[in-house]
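Working notes, beginning with the structure itself.
The figures that follow rest on heavy atoms only: side chains count, while hydrogens, waters and symmetry mates do not. Lettering of chains follows the sequences in order, A, B, ..., and the numbering in each one begins at 1.
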Amino acid sequence: MKVSNARVCVLRIEGTNCEEESYLSFKRLGAKPEKVHLKQLTRTDVTSDEKRSLADYQILVLPGGFSSGDYVRAGAIFAARMKSRLSRDLVEFVRAGKPVLGICNGFQILVETGLLPAMSGIMTEVPEAVLSTNDSARFECRPTLLKKVNRGSCAFTTKIPSDKISAIPSAHAEGKLTFPVDRAKRVVKELADNDQLVFKYVDPEGDIAGYPWCPNGSTENIAGICNREGNVFGLMPHPERVFFRYTHPDWTRNPDGAGDGRAVFESVLDYVSKKL
Amino acid sequence: MAVVEVRITLKKGVADPEGKNTLKALELLGFEGVREVRSVKVFEIETDGETEETERSVEEMCRKLLANPVIHNYTIRIK
């Protein structure tokens with residue numbers, strides 16, 4: 001499919017943020033994004049011309065923010081509302097190989113929905129992981145350095161060289177990717193074997209390092225994971241906030257080239273143009 | 001009508017930064033002899049039903065929304 005025909009659903013509810021940046025990232029690259037409220041997909045309290053169908057889109061984006069005030073747990077209410085009415089549509093979407101991107105709160109939503117890590121099947125009934133409170137118990141907001149550890153499965157990182165250290169900002173209080181305590185090691189190994197690990201937090205040399213390089217104490221420094229097929233991807237840092245070089249904090253010293261986040265959007269549009 | 005109390009606690013071995021930080025702040029304020037602080041979340045749910053059926057439905061609420069089985073235990077008490 002042509003990129004110019006690729007329709008992108010940037011899904012929001014109350015408390016979503018960065019939907020504008022996510023929307024613009026796709027628009028600047030020639031795709032057809034649209035900001036859609038969840039009620040438009042569930043067809044509740046909307047007029048007939050506001051109604052939308054998930055099946056009409058090629059990419060689904062869950063942006064960052066604090067949906068529903070992060071009540072109960074970050075992303076839990078958005079996830080519950082999606083699951084209640086859109087389960088079948090979501091499963092169909094993912095099964096068709098269409099890409100789903102969850103950024104920050106969007107990643108939390110994908111995990112709470114059971115679309116990630118989804119080690120068995122497309123969507124698990126109960127979550128297999130959680131993004132729990134940062135070890136610091138604080139909101140951590142600053143640039144973080146990421147290294148791609150994915151070997152090629154993830155549709156969102158094909159245009160990122162494996163030796164590149166991407167500077168992508170984090171801004172969250174619940175970003176510590178946590179698996180059941182009694183089998184965390186096994187789960188991480190399985191994720192690695194399935195090529196579901198995508199990004200890890202590193203220091204400037206590209207080595208795994210503790211706080212503050214890793215802002216949250218995440219299991220094995222994991223910053224982003226994908227499903228087995230690589231078309232559902234979630235990460236805590238915000239690639240849409242560094243689409244341009246000049247939104248990097250060191251842009252006056254390194255003014256040339258694109259922002260480090262741009263490659264994520266280029267990768268997935270490349271995927272859409274080749275696979276859909 | 002019944003009032004159901006749902007108590008969400010962290011599983012053993014799961015980090016509790018909120019509890020730890022609260023402990024630290026209490027120590028800074030000069031409180032002595034505080035060994036540990038654990039954060040717990042409580043929901044009070046008013047329902048129409050009574051007894052067994054209520055308990056089953058609240059159990060389902062915990063599974064579907066209130067708790068994440070990866071890190072949480074929950075207890076249900078009908079008041």
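- Residue pairs that meet the ring pair (Phe, Tyr, Trp, His ring centres under 6.0 Å) test with at least one member in residues 23-47 of chain B, sequence neighbours left out, do not exist here.
- By the 4.5 Å heavy-atom criterion applied to side chains, B:Ile76 and B:Cys62 are counted as neighbours.
- The closest side-chain heavy-atom distance from A:Val61 to A:Leu11 is not below 4.5 Å.
- Using a 4.5 Å heavy-atom threshold, the side chains of A:Leu235 and A:Leu101 count as touching.
- With sequence neighbours excluded, the residues forming a side-chain contact (heavy atoms from CB on, under 4.5 Å) with A:Ala173 are A:Phe139, listed by chain and number.
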Distance-only check: which donor-acceptor pairs of chain B and chain A lie under 3.5 Å?
{"unit_1": "B:Lys41", "atom_1": "NZ", "unit_2": "A:Val72", "atom_2": "O", "d": "3.2"}
{"unit_1": "B:Arg63", "atom_1": "NH2", "unit_2": "A:Glu125", "atom_2": "OE2", "d": "2.9"}
{"unit_1": "B:Leu65", "atom_1": "O", "unit_2": "A:Arg73", "atom_2": "NH1", "d": "3.1"}
{"unit_1": "B:Leu65", "atom_1": "O", "unit_2": "A:Arg73", "atom_2": "NH2", "d": "2.9"}
{"unit_1": "B:Leu66", "atom_1": "O", "unit_2": "A:Arg73", "atom_2": "NH1", "d": "3.0"}
{"unit_1": "B:Asn68", "atom_1": "ND2", "unit_2": "A:Glu112", "atom_2": "OE2", "d": "3.3"}
{"unit_1": "B:Asn68", "atom_1": "ND2", "unit_2": "A:Ala129", "atom_2": "O", "d": "3.2"}

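- By the side-chain contact (heavy atoms from CB on, under 4.5 Å) test, B:Ala25 pairs with no residue at all, sequence neighbours left out.
- Using a 4.5 Å cut-off on side-chain heavy atoms (C-beta onward), A:Pro127 and B:Pro69 make contact.
- Both the backbone and the side chain of A:Val130 come within less than 4.5 Å of a heavy atom in chain B.
- For a residue to count as touching a neighbouring chain, one of its non-hydrogen atoms must lie under 4.5 Å from one of that chain's; by this rule A:Ala129 touches chain B with the backbone only.
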